[in-house]
2 protein chains.
Amino acid sequence: MTIREVAKRAGVSIATVSRVLNRSKPVSEELKRRIEQAVRETGYLPNAVARSMIQKRTGLIGVIIPEIANPYFSGLVEGIESVAHQHQSHIMLAVSRKDPRREMDLLRIFQARQMDGIILAAARVGGELRRVLQSLTIPYVLIGQRPAGLRAPCVKVDNRRAACEVTTHLIGKGHRRIGMISGPMWDLASGKERYEGYRDALGEAGWTPRPEWVAAEESFRLQDGVKGMERILRAKERPTAVFCACDRMAVGAIQALESRGIRVPDQIAVAGFDDEEAATMIRPRLTTVRHSPFEMGWKATERLMATLRGEGSSPDEVIRVGHGLVVRDSTSGGK
Amino acid sequence: MTIREVAKRAGVSIATVSRVLNRSKPVSEELKRRIEQAVRETGYLPNAVARSMIQKRTGLIGVIIPEIANPYFSGLVEGIESVAHQHQSHIMLAVSRKDPRREMDLLRIFQARQMDGIILAAARVGGELRRVLQSLTIPYVLIGQRPAGLRAPCVKVDNRRAACEVTTHLIGKGHRRIGMISGPMWDLASGKERYEGYRDALGEAGWTPRPEWVAAEESFRLQDGVKGMERILRAKERPTAVFCACDRMAVGAIQALESRGIRVPDQIAVAGFDDEEAATMIRPRLTTVRHSPFEMGWKATERLMATLRGEGSSPDEVIRVGHGLVVRDSTSGGK
DNA sequence: CTGTTAGCGCTTTCAG
DNA sequence: CTGAAAGCGCTAACAG
C-alpha cells in the first residue's frame, strides 16, 4: 500500500493525495471525497519514515536514562512522555545501565536516527561524554547534572540546599552526632551534591563530618542502605541521627536498625530523600525531601520543544524544580 | 554531512562508501583506507532514516503500556529493552493511560512508523481494539491477556492458578472467612483472573465468595487498598483473612487495619500479589505471589525477535512465566 | 486547483 | 573490485 496505489484508485496524481492527507493545499471537494474513500477502502497509512526523510523532522525524541525500574527515572519518563504526547512526538527510550560508554554510543545512535532532540539523564559525566555531547548536532537537555564547560539547558533539583535543609532539621531537633549514608560520590552527581549539603549544614553548626559516620556505598539500593547502617553502627561512638541519600537506602537503614532492636527515632533518627511511595509505607514514616521527577521530565521536554520551535535560551540555563522538607515520624521527638 | 561528501572527499563513488560502511561487498584496502579516513575527518554518521526506508527494517520495536510509574510495567520495559538491545534494536515507548482509544491510535502510529514489531500490554481488550489488531500488518506480541479470537503470541502469568494457590494457603492456615480486595474486573484482565482464582479456591473448599467481603475498587493503587479494606470492615461479620489483587493494595489494606488498631495477621491476615519491593518494606512482611515482569518482557521480546527471523510459532501460543507463593509474616500463625 | 518532476540520503542491481 | 543509475515512499516546488 503506497500513495501511488491510492492515487491510481482515486484517479488522481500522488501529489493530490498528499495534499489531502496533509491538508497542505486546497483540493476540490470532489477529488477530496474520492481520495478519502480510496484511503478508507485500502486502509492506507502513510509511511512515516519516508515522510521524516523529506521533512527532516522525525517527531521523535531520544531519552537516555541509567535504569528504569527506579521510581525516580520512571517518573522522569512519565513526565517526558506526557509532554511529548502533547506535541505529537514520541519517545525512543534507551537504558545506559550507568555505562558511560553506552551513553556515548546511544548519543551517536540517536543522532544517526535523526531524533529531533535528546534528553539525557547521565550517570556520571566524564570528559569523553562531554566531547561527544559537544559534537552533537541536535539539541539536547540534561537532567540532574551538567559537566563543566557544556552549554546546554539542565533541569535539576537543588540537591545541595535540600540536603542541607534536612540536616539542619536534624540539628534543630537537638542532634549533635549526625551521620550520612551516601551513594558513590562520582555517580549520578546527586550523591555528591547531597553529601555537600550535609557537610554545609554541619559546617554552619561549626562541625565537620566524622568519617566513621559517613558510609559511601556502591549504589543507591535498599541493600546498600542496610550495609551503610551496619558500617556506621560499628563506630565506637554512635550517631543519634543518620541522613540517607535516598529513601530506599533509608528504608534499608531502618531495617538494619530494626533487626538489631534499635528504635527509630528514639535511639537513632533517620531521614531520606526523594519522598518515594516507600516513605509512607515504612514504619516509622520517613522524614524526607519531596520533589517531582515527573516535573523534571516535563520541564526538560518543554525546554526541548521550545528549542525546536526556535525559541532560544541562555545556553547555560539551569531549570530548577522545587523541593520541600517533609517531616514525618522517623525524626520526630527531640533529642 | 552526507555519503556524497564523504565519497567526494575520498575520491570514490557513493556506492563504494556504502560498501565499506556496511561491509556488504569486498573493497580494496587502499580505497577502504581512504574512505575510513574521510569518515573520521568529517565525523560522518549514516542517516538511519534513509537506510530504514530502503531496507524496510527500522530496528525499532514499539511498546505500549498503560502506565510507567508502576513496578510491574517498568519491569516489563526493562526486560524488553534488555533483549532489544541484544538484537541491536531500540524501543519506542508509548503510554496509553488505559485509554483503549489511545491504544488503537498508537497501534496505527506504530504501523505508520514502520516498527519491526509491537509489544502491547493492553489495559482492556474490547472488540474495537481487536479489530485494529486484526488489521495490523506487522508482527506483535501481547502481554497479560489476549482477547478471544486473536491469533498472536501472548505472554502471561497464570494469575488464576496463582491466586488460587494464595487463597488455598489461607484456607490451609485455618481461615474460614476470606475476603478479597480486587481491582476493577474489566481492567487489566489480571484483576478478573485473580478474582477467579480466589473463587476457585473457595469453591474447592465448598464455599462461594460473600459479596460483603469482596471489594472491587476502581483501580489498583495503594489508596484503593485502603478503601477496599474499609469497605470490608463495614460488614457485620468480618473476614479473618483478605487476599488483595496486588501488593500495593495489600499495603493500603494493612495501613487501614493499622489505623484502626486491628492486628495483622492475628486478627486479620493479609496476602498480596506481585512481590514488589514494598512487600518486604511493610510490617508485617507480606505473603504474596512472586513472578517476574522482567522475564515477561524478556520472553515477549524473544518471541517477537524469533518471529522477525521468520521462525513461526503456533499462532495462539501462550507463553507462561513462572510464579511462586512467598509466605511471610502477614499470614503467619494459624487461625 | 491539479499534475509532473525533482529530489531526501541511502542501498542495490547492473554493467564494466 | 568499482561506478552509474534506479529507486525506497513521500513532499515540495514548478508549471499549467
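Side-chain atoms are counted along with the backbone in the values below, which use heavy atoms only and exclude waters and symmetry mates. Protein chains get the first letters and strands the later ones, always in sequence-line order, with residue 1 at the start of each.
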Practice item. Report the distance from atom CG of A:N47 to atom CZ of B:R113, rounding to the nearest 0.5 Å. Key: 11.0 Å

Review point. Any side-chain donor paired with an acceptor under 3.5 Å for A:S135 and A:R131?
Key: no

Practice item. Mind checking B:V49 for me? I need base, sugar-phosphate or nothing, with any heavy atom below 4.0 Å counting as a touch. Key: nothing

Check your understanding: Counting only side-chain N and O atoms of A:T16, is one of them less than 4.0 Å from OP1 or OP2 of C:dG3?
Key -> yes

Check your understanding: Would you say the side-chain atoms of A:E81 pair up with the backbone N or O of A:I91, donor to acceptor, closer than 3.5 Å?
Key -> no

Revision key, fill the gap. Counted 5' to 3', the first and last nucleotides of DNA chain D within 4.0 Å (strictly under) of a heavy-atom of chain A are D:dG9 to D:dA13

Point to revise | Interatomic distance where CD belongs to A:E30 and P belongs to C:dG3 [whole Å] | key: 12 Å

Review point. Taking atom types as modelled, is there a side-chain donor on B:H85 or A:R102 under 3.5 Å from an acceptor on the other?
Key: yes

Practice item. Using a 4.5 Å cut-off on heavy atoms from C-beta on, say whether the side chain of A:R309 contacts that of A:H87. Key: yes

Review point. B:M115 versus B:S89: any side-chain heavy-atom pair under 4.5 Å?
Key: no

Point to revise | nucleotides 7-16 of chain C: protein proximity per nucleotide (B base, S sugar-phosphate only, - neither; heavy atom, under 4.0 Å) | key: BBBBBBB---

Check your understanding: So do the side chains of B:V20 and B:V12 get within less than 4.5 Å of each other, counting heavy atoms only?
Key -> no

Point to revise | Min side-chain heavy-atom separation B:Y44-B:L21 under 4.5 Å | key: yes

